[in-house]
Protein chains: 2
Amino acid sequence: MIKIMVADDHTMFVDGIDSILNKENDMQVICKCYTGEEVLKQLKEVQPDIILLDINLPGITGIEVSKTVLAEYPEVKILAISMFNEESFVTEILNNGAQGYILKNTGRKELLDAIRTICGGKTYFSKDVTNTIMKSLMKKRMESKGSTKLIPKVSRREKEVLKLIVEEFTTQEIAKELFISLKTVESHRSSLLNKLNARNTAGLVRITMENKILEN
Amino acid sequence: MIKIMVADDHTMFVDGIDSILNKENDMQVICKCYTGEEVLKQLKEVQPDIILLDINLPGITGIEVSKTVLAEYPEVKILAISMFNEESFVTEILNNGAQGYILKNTGRKELLDAIRTICGGKTYFSKDVTNTIMKSLMKKRMESKGSTKLIPKVSRREKEVLKLIVEEFTTQEIAKELFISLKTVESHRSSLLNKLNARNTAGLVRITMENKILEN
DNA sequence: TAGTGATTAGGGGATTACCCCTAGAATCTC
DNA sequence: GAGATTCTAGGGGTAATCCCCTAATCACTA
């Protein structure tokens with residue numbers, strides 16, 4: 001028997017879910033909550049296997065609830081439910097403990113499927129959601145590739161120096177490490193500041209990491 | 001009519017695909033290739049709408065072919081085909097121009113679906129593939145969250161200072177920006193070096209970015 | 001209420017980074 | 001083989017960082 005907690009601020013929605021789930025032989029809604037506070041309070045009393053959690057709860061949001069649940073009740077699964085197929089919402093809650101994400105226009109069958117899948121220890125995402133994620137994933141990759149091209153090529157030796165700078169070596173230590181003069185290292189540093197259009201070491205490191213310059 | 005190029009080093013596979021696709025009224029295989037070199041050579045002669053591209057081609061790999069196609073023939077779509085449902089392969093080729101990714105054990109119907117979807121300007125991923133991606137995406141998030149916990153909490157003011165350091169402000173400039181003394185900023189810097197276990201500004205910036213300290 | 005941490009601020013000094021300049025030698029490229 | 005780039009190295013100076021120390025004020029909390 002799968003013990004279920006439902007958390008959403010719309011009573012009718014909660015009751016509808018309740019009605020659907022209680023028709024199943026292997027499921028039981030043991031707790032209904034209407035705010036984030038209530039979820040955290042109720043969790044001290046009852047032990048659900050899974051929480052159907054609206055991420056847009058008033059007060060303490062679903063995301064914050066999810067964080068807390070992950071930290072304090074790691075054995076409790078979370079299926080996030082939302083009206084919105086927004087990439088930022090999805091990644092945020094996946095980030096914070098949810099094992100699945102479905103939309104509110106999901107049918108009865110898929111809902112039951114999602115609950116059983118997650119309680120079986122797997123993860124579940126509705127097809128709309130995966131599509132959204134994949135698209136934004138591709139976009140980000142494209143962007144990160146595109147922006148890289150503004151940066152002039154950094155030479156082999158400069159990369160060696162840059163690597164050591166990022167690793168917290170001082171100019172003196174770099175000189176010793178590479179068996180070259182302190183003044184030579186200073187030359188490379190100066191070139192790097194120019195090429196990467198940085199004002200100081202902080203900028204050097206930031207730009208290096210933002211553009212993954214050392215990863216080639 | 002969708003013009004298709006098929007590229008795979010297994011003749012029987014290519015012929016099978018050819019047979020399947022030519023039965024469709026709206027598709028036509030206009031070119032068959034068996035190596036990466038051949039693909040690049042043939043593209044100077046023929047103009048396919050889409051390339052069914054094995055990513056494990058001998059010689060020039062599918063990934064490299066994809067890079068070139070993206071750069072030189074951006075209007076040509078690519079559907080990557082592979083035996084392996086490996087996260088690294090998938091992300092790599094999505095990184096480099098493919099609009100879709102399906103496995104070789106995909107059925108006839110899904111193949112046709114994928115081709116039509118991509119030629120319609122959308123992207124297509126088989127369900128197995130999306131699952132793999134989502135899983136690895138979650139894993140990475142978990143890991144990045146886990147490692148964060150070794151770092152002591154950075155206070156509100158320290159974060160403000162840290163943010164400006166990363167943005168290439170000098171100590172003097174930070175003092176002016178925050179309307180506090182130079183010595184106060186130095187105090188915060190010193191605390192940050194201690195807390196983040198860094199030796200200098202470079203380490204401060206690197207650790208900040210590696211652990212996404214400013215993103216909360 | 002006593003203790004802890006955050007924020008503020010300072011003195012004084014050592015080290016490091018940054019900037020201006022030049023310049024030979026090696027290496028790559030057209 | 002000529003020109004560009006890279007790697008090397010230096011002089012001399014200013015600015016910035018880092019380190020040691022102390023210390024008052026404020027807020028939170030055990």
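Residue numbering restarts at 1 for every chain, and letters A, B, ... go by the order of the sequence lines.
The pair A:E186-A:K183 meets the salt-bridge criterion, since a charged nitrogen lies less than 4.0 angstrom from a carboxylate oxygen. A salt bridge links B:R157 with B:E160; the closest basic N to acidic carboxylate O contact falls under 4.0 Å. The pair B:K163-B:E177 does not count as a salt bridge, with every side-chain nitrogen at least 4.0 angstrom from each carboxylate oxygen.
The distance from atom CD1 of A:I174 to atom P of C:dC18 is 10 Å, rounded to the nearest whole Å.
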Could you go step by step and tell me if B:D9 and B:T35 meet the side-chain contact (heavy atoms from CB on, under 4.5 Å) rule? CA-CA 6 Å; B:D9 57 324; B:T35 64; over 6 Å; no
Determine, stepwise, if the pair B:I30 / B:M1 fulfils side-chain contact (heavy atoms from CB on, under 4.5 Å). CA-CA 11 Å; B:I30 60 167; B:M1 180 67 76; over 6 Å; no
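Counting non-hydrogen atoms of neighbouring residues, nucleotides and ligands closer than 6.0 angstrom, the NZ atom of B:K67 reaches no more than 12 such neighbours. Enclosure of atom CG in A:N197 is not indicated, since only 12 or fewer non-hydrogen atoms of other residues, nucleotides or ligands lie within 6.0 angstrom.
At a threshold of 4.5 Å between non-hydrogen side-chain atoms, the residues B:I213 and B:L196 count as touching. Between A:V205 and A:M209 the shortest side-chain heavy-atom distance falls below 4.5 Å. Using a 4.5 Å heavy-atom threshold, the side chains of A:L192 and A:T208 count as separate.
Of the inter-residue distances, the one linking B:I60 atom CD1 with B:S66 atom OG reads 12.5 Å to the nearest 0.5 angstrom. Taking CZ of B:R206 as the start and OG1 of B:T201 as the end, the distance is 12.5 Å to the nearest 0.5 Å.
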Report each atom pair, protein N/O against N/O of nucleotides 24-30 of chain D, whose distance is under 3.5 angstrom.
none

Under-3.5 Å N/O pairs linking protein and nucleotides 4-8 of chain C:
from  : atom 1 : to     : atom 2 : distance (Å)
C:dA6 : OP1    : B:K195 : NZ     : 3.4
C:dT7 : OP1    : B:R157 : N      : 2.9
C:dT7 : OP2    : B:S155 : OG     : 2.1
C:dT8 : OP1    : B:R157 : NE     : 3.0
C:dT8 : OP1    : B:R157 : NH2    : 2.8
C:dT8 : OP2    : B:R157 : NE     : 2.9
C:dT8 : OP2    : B:H188 : NE2    : 2.9

Could you go over nucleotides 15-18 of chain D and give all protein N or O partners under 3.5 Å, atom names and distances?
from   : atom 1 : to     : atom 2 : distance (Å)
D:dT17 : OP1    : B:R189 : NH1    : 3.3
D:dT17 : OP2    : B:T171 : N      : 2.7
D:dT17 : OP2    : B:T171 : OG1    : 2.5
D:dT17 : O3'    : B:T201 : OG1    : 3.4
D:dC18 : OP1    : B:T201 : N      : 2.5
D:dC18 : OP1    : B:T201 : OG1    : 3.0
D:dC18 : OP2    : B:R189 : NE     : 3.2
D:dC18 : OP2    : B:T201 : OG1    : 3.4
D:dC18 : N4     : B:E186 : OE2    : 2.9

For residues 38-54 of chain B, run the donor-acceptor check on the side chains, cut-off 3.5 Å, and write out each pair with its distance to 0.1 Å, sequence neighbours left out.
from  : atom 1 : to    : atom 2 : distance (Å)
B:E38 : OE1    : B:Y34 : N      : 3.3
B:D49 : OD2    : B:K3  : N      : 2.7
B:D54 : OD1    : B:N56 : N      : 3.3

Scan nucleotides 24-30 of chain C nucleotide by nucleotide, 5' to 3', and note B when protein non-hydrogen atoms come under 4.0 Å of the base, S if they reach only the sugar-phosphate, - if neither. -------
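Across A:I118, A:I4, A:T117, a single residue satisfies side chain to side chain contact (heavy atoms under 4.5 Å, CB included) together with A:L79, and that is A:I118. Among B:L182, B:L164, B:T184, B:I180, the single residue meeting the side chain to side chain contact (heavy atoms under 4.5 Å, CB included) criterion with B:I174 is B:L164.
In this structure, the helix from C:dT1-D:dA30 to C:dC30-D:dG1 shows an angle of 70° between the axis at its start and the axis at its end, each fitted on 5 base pairs and rounded to 10°.
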